[in-house]
There are 2 protein chains.
Amino acid sequence: MTRPPRTRPTLEEVAARAGVGRGTASRVINGGDKVSARARQAVEEAIEELGYVPNAAARALVTRRTNTVALVIAESEERVFGEPFFAGTIRGIGTALNEADRQLVLLFAQASARRGDLEQYLTRQHVDGVLLLSLHDDDELPDRIRAHGLPVVVGGRPSGGSAVGYVDVDNVQGAELAVAHLVERGRQRIATIAGPADMVAGSSRLQGYVEGLAAADRTLDERLVARGDFGQASGEQAMHALLDRVPDLDAVFCANDLMAAGALRALSDAGRRVPEDVAVVGFEDAPIAASTTPPLTTVHQSPEDMGRAMVEMLLASSTVPAEAPAGRMLSTHLVVRATT
Amino acid sequence: MTRPPRTRPTLEEVAARAGVGRGTASRVINGGDKVSARARQAVEEAIEELGYVPNAAARALVTRRTNTVALVIAESEERVFGEPFFAGTIRGIGTALNEADRQLVLLFAQASARRGDLEQYLTRQHVDGVLLLSLHDDDELPDRIRAHGLPVVVGGRPSGGSAVGYVDVDNVQGAELAVAHLVERGRQRIATIAGPADMVAGSSRLQGYVEGLAAADRTLDERLVARGDFGQASGEQAMHALLDRVPDLDAVFCANDLMAAGALRALSDAGRRVPEDVAVVGFEDAPIAASTTPPLTTVHQSPEDMGRAMVEMLLASSTVPAEAPAGRMLSTHLVVRATT
DNA sequence: GTGAGCAGTGGGAACGCTCCCACATCCACG
DNA sequence: CGTGGATGTGGGAGCGTTCCCACTGCTCAC
């Protein structure tokens, strides 16, 4: 725990070796202009010879910037590493930050005990901004971070009245797209397997389903609405329930691909042909969508784009800090495969 | 890009408000003793009122420590997020660091372009130590980092002559365990499906197989050795090949669970009963091992323990920096399920 | 010939903290 | 009544940068 001895050369030493002043050396390193070619070369040589590496702490102390952005994932490692959605989003964030010359550090917000540490880390001037993913309802974290003056962008629309910027997929528009497609295919009785009502993705996609029907002058039949929990098994169950209630339905829009996969299994069990008897549309365009039998028609959303959009918003909000936090919706499009 | 205005209170302000000196305030914050109860309380109140948060950059500048450890994963996001092994290891690392009051930052070592940035980040005094996971053969990264005086620990034994500390599962011992178990069950013709020869896990487990046979006074029959690439399909192919060559084999040790799952499928196709006709043992005890039919007997390794061990080694190496880098092997044990 | 302007440079000051030394008390002991 | 060791305390120095101002030569226009 003692202070390690200094071993690395300082800017002062580089300057001395190059025979210039500290200011000039600093200008060379930070790509400033107004440096003669001779001085520049001398400094660069000195850096090379001494193996000089700038001290980030000293720099951050004076500039009050770290060029580092934190991505906080409020989810257990297990779930994070299970869902391909996270991988895509992280990749999008990573490349976007890279292009903007920012470093990404990934943090997991774990159980309550750890929360304090996390907040401290974020607040103690380690990062210039924070991206948040997979927040649970009414999590106070974004507001608390914002209270410390740090820019925050949340991935996924927060359900509470939290006044932070967010980026989300336009779930309503996507669901409308799906329903319009089924209508266009001439389907008469379009059912839906909705997600949990307490999740934004669940309620918005149901809302889109309702609005999509309305746009086609169809009336909403409550018996055609079933609920699942976004898991495959729940989709299977819900499909069975729907078939029991309305045996002559001819289409179903599922709020995600996993439930759609379950629905396909249920339809196969029930001896219905897809798409001849019943058409199926999913949401997400997850990897599984391409490998169901038959391959699933689904609403495509791009986690990469979401990541990029989050970064854009964060960087924008740190240059124009006074701006009121806004939301941004990413549009979706339909990928037609073999289930419609 | 301009310097943001200072808005946060400094230690000096806290001290002034509490009516004490800067030194005393610092002592309170850093849990030092030799502070009167009265002064302590005054400082704590001032911190509360002002919402004071220490500036990490300033602290790091003088202490030359950041209490932060980087975990660098040299793998694409896709693969990382696909394999449960990573999740377990990260969790182990996270909890161990947490207990030691260190922060974890996760970095992905991507393509060459990004490598320079990564190295800069690590060496610029952002972190006190580096953990590396999933290095590819002869990666120079650990040596380069060490050259900058940063402690490094690698997960998985490096195949090259790199002089860094590492932690790995004792693959040889695990494979011996598997073979001994099969011998004990009275199996006569024990085959193996080995992993790629250019991966340490592949060659070591094959070595363990050979030594296990020798320990039971069995001679090695080359026809009983097949190769796979750790993928499920390759396990299936290899099993078919083995059955063709040696129809009367009665056991097979697979270098990982995924290949074992493939082998089970092949055995089922070939009409062999497991374990009556052929016993199967895997390696890893991955989640899939519990859900094969029948459930797979396998060598258990713990990614959590590996993560913890890596942290222990890293922290130890930073207190006793002169110590020569060493390796540490984690022992395994057998989990007997229904395939033997 | 003179002054303005500019490219280039050096180095003081400041960033916010920890370390450490000097100093002030206080109590116990001889 | 001193002396000496705890126990607290204040604040100077310094960590390695960047920022900025003052300064030096030049060139060029008038």
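Since the model is a prediction, treat every value here as computed from it, not as a measurement. Proteins get letters first, then strands, A, B, ... in listed order; numbering begins at 1 in each.
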So, OP1 or OP2 of [N]: does either fall under 4.0 Å of a side-chain N or O from [X]?
| X | N | result |
| --- | --- | --- |
| B:T63 | C:dT18 | no |
| B:T24 | D:dG10 | yes |
| A:N30 | D:dT18 | yes |
| A:S26 | D:dT17 | no |
| A:K34 | C:dA7 | yes |
| A:R22 | C:dG11 | no |
| B:R64 | D:dG16 | yes |

Just by distance, do the side chain of [X] and the backbone of [Y] share a donor-acceptor pair under 3.5 Å?
| X | Y | value |
| --- | --- | --- |
| A:R157 | A:M329 | no |
| A:T66 | A:H126 | yes |
| B:S26 | B:R22 | no |

*DNA chain D: B:A58 or B:G23, which has the more 5' nearest nucleotide?*
B:G23
Take the protein atom [atom1] of [X] and the nucleotide atom [atom2] of [N], then report the distance between them rounded to whole Å.
| X | N | atom1 | atom2 | answer |
| --- | --- | --- | --- | --- |
| A:R124 | C:dC17 | CZ | C1' | 12 Å |
| A:R27 | C:dT9 | CZ | C1' | 6 Å |
| B:I29 | C:dG16 | CD1 | P | 14 Å |
| B:R38 | D:dT7 | CZ | P | 18 Å |
| B:R59 | C:dG16 | CZ | C1' | 11 Å |
| B:E13 | C:dG16 | CD | P | 8 Å |
| B:L11 | D:dG14 | CG | P | 20 Å |
| A:R8 | D:dT17 | CZ | P | 8 Å |

*Given that both pair distances must be under 3.5 Å and the pair must be Watson-Crick or G-U, what runs of three or more consecutive pairs involve DNA chain D?*
C:1-30 with D:1-30
*Taking all non-hydrogen atoms of both residues, which atom of B:R144 and which atom of B:H148 are closest, and how far apart?*
O-CD2, 3.3 Å
_Ignoring hydrogens, what is the shortest heavy-atom contact between B:S317 and B:L314? Give both atom names and the distance._
OG-O, 2.9 Å
*With a 3.5 Å cut-off and just heavy-atom distances, do the side chain of A:R40 and the base of C:dG8 make a donor-acceptor pair?*
no
Nearest to the side chain of [X], which nucleotide is it out of [options]?
| X | options | answer |
| --- | --- | --- |
| B:V35 | C:dC17, D:dT18, D:dT9 | D:dT9 |
| B:L61 | D:dT18, D:dG16, D:dC20 | D:dG16 |
| B:Y52 | D:dT17, D:dG10, C:dC17 | C:dC17 |

*asked:* Counting only heavy atoms from other residues, nucleotides and ligands, does the tally under 6.0 Å from CD of A:E140 exceed 12?
replied: no
*asked:* Within the supplied structure, the quantity of interest is the number of heavy atoms (other residues, nucleotides, ligands) at a distance under 6.0 Å from A:E48 CD; does it exceed 12?
replied: no
_Sugar-phosphate only, base, or nothing, as touched by B:A39 at under 4.0 Å among non-hydrogen atoms_ = sugar-phosphate
*Are B:L330 and B:S302 close enough that some pair of their side-chain heavy atoms sits under 4.5 Å apart?*
no
